[in-house]
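In what follows, chains are A, B, ... by sequence order, proteins preceding strands, each numbered from 1.
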Amino acid sequence: DVKVTQSSRYLVKRTGEKVFLECVQDMDHENMFWYRQDPGLGLRLIYFSYDVKMKEKGDIPEGYSVSREKKERFSLILESASTNQTSMYLCASSFGGGGYHTEAFFGQGTRLTVV
Amino acid sequence: TQLLEQSPQFLSIQEGENLTVYCNSSSVFSSLQWYRQEPGEGPVLLVTVVTGGEVKKLKRLTFQFGDARKDSSLHITAAQPGDTGLYLCAGEGSNYQLIWGAGTKLIIKP
């Protein structure tokens with residue numbers, strides 16, 4: 001089975017802290033994604049990566065950065081956490097290509113609270 | 001900009017009833033996926049539809065892709081409490097990215 005593992009299920013951080021969210025996938029997928037999910041807003045794409053060391057901004061990249069040094073690992077960094085970044089963060093991966101290959105496999109999510 | 005609108009946003013029905021969830025857009029999608037998400041977990045893929053007019057069945061769930069590949073529906077027959085969850089549709093956009101609907105929160109009461 002495809003497995004996408006996020007480093008933490010729950011995190012509580014203080015305003016201004018630098019926060020690292022880690023994600024690892026074991027299916028050799030080319031694509032990896034970071035989303036945040038808020039009630040009524042669905043999944044919003046923060047950043048994605050098609051390959052090692054490559055990254056592209058999604059719809060809401062402000063206040064975030066990412067790192068992909070190895071194919072299996074994609075990290076999300078909150079440079080200076082703010083209360084409006086309190087949310088559920090979801091990591092996903094997929095094969096390259098279209099059609100059935102866009103199927104996204106998700107981690108269990110990290111519920112981040114910034115106080 | 002490609003957008004997907006899901007309706008209804010929230011649905012609460014009794015066990016045994018039927019229901020339909022809709023996913024609509026003005027844009028054409030190469031493929032469309034339906035996911036289900038349970039509280040505290042990530043979404044899990046239910047089905048992918050690729051061909052206009054395609055119908056797929058998964059036990060009591062029936063998925064349909066519109067002929068013009070702009071819309072899709074999910075019909076559940078004789079809903080069970082285990083069907084409770086957040087249902088999300090996602091269309092394949094440019095560069096193979098997924099465009100997400102906001103989701104339908106479904107509650108099935110015993």
query = Contact part of B/Y35 toward chain A, heavy-atom cut-off under 4.5 Å: side chain, backbone, both or neither?
reply = side chain

request  = Give the cluster check for B/F65 versus B/Y22: same hydrophobic cluster or not, with ILVMFWY residues linked at side-chain heavy-atom distances below 4.5 Å.
outcome  = no

query = So how far is it from A/M88 CE to B/E41 CD, rounded to the nearest 0.5 Å?
reply = 8.0 Å

key: Proximity breakdown for A/L43 and chain B, heavy-atom pairs closer than 4.5 Å   = both

remark   = So, the part of B/L32 with a heavy atom under 4.5 Å from chain A: the answer is neither

message = Is it true that, when you exclude B/K105 itself, more than 12 heavy atoms of the residues, nucleotides or ligands shown sit nearer than 6.0 Å to its NZ?
response = no

ask   = Hey, any chance B/I108 and B/L58 share a hydrophobic cluster, counting ILVMFWY side chains that come within less than 4.5 Å of each other, even indirectly?
value = yes

request  = Against chain B, work out which of A/G58, A/A104, A/G107 has the most heavy-atom pairs shorter than 4.5 Å and name it.
outcome  = A/A104

remark   = Applying a strict 4.5 Å limit to non-hydrogen atoms, the region of A/R44 in contact with chain B is neither

note = Bottom line for B/Q37: the part with an atom under 4.5 Å from chain A's heavy atoms is side chain

remark   = The interface call for A/Q37 against chain B, heavy-atom contacts under 4.5 Å, is side chain

message = Under a 4.5 Å cutoff for heavy-atom pairs, which residue among B/A90, B/A102, B/P43 has the most contacts with chain A?
response = B/P43

query = Hey, quick one: are A/F74 and A/L21 part of the same hydrophobic cluster, counting side-chain heavy atoms closer than 4.5 Å, chains of contacts allowed?
reply = yes

key: From A/T102 atom OG1 to B/L45 atom CG, the distance as rounded to the nearest 0.5 Å   = 8.5 Å

ask   = Are A/L112 and A/W34 connected in a single hydrophobic cluster, I mean Ile/Leu/Val/Met/Phe/Trp/Tyr linked by side-chain heavy atoms less than 4.5 Å apart?
value = yes

query = Counting only heavy atoms not in B/E17, do more than 12 fall under 6.0 Å of its CD?
reply = yes

key: Over 12 foreign heavy atoms within 6.0 Å of CD, A/E79   = yes

query = When hydrophobic residues are tied together by side-chain contacts of less than 4.5 Å, even through go-betweens, does B/I76 share a cluster with B/W34?
reply = yes

message = Quick check on the 6.0 Å ring-centre criterion: do A/F106 and B/W100 meet it?
response = yes

remark   = Closest non-hydrogen contact found for A/F48 with B/Q97 is CZ-NE2, 3.2 Å

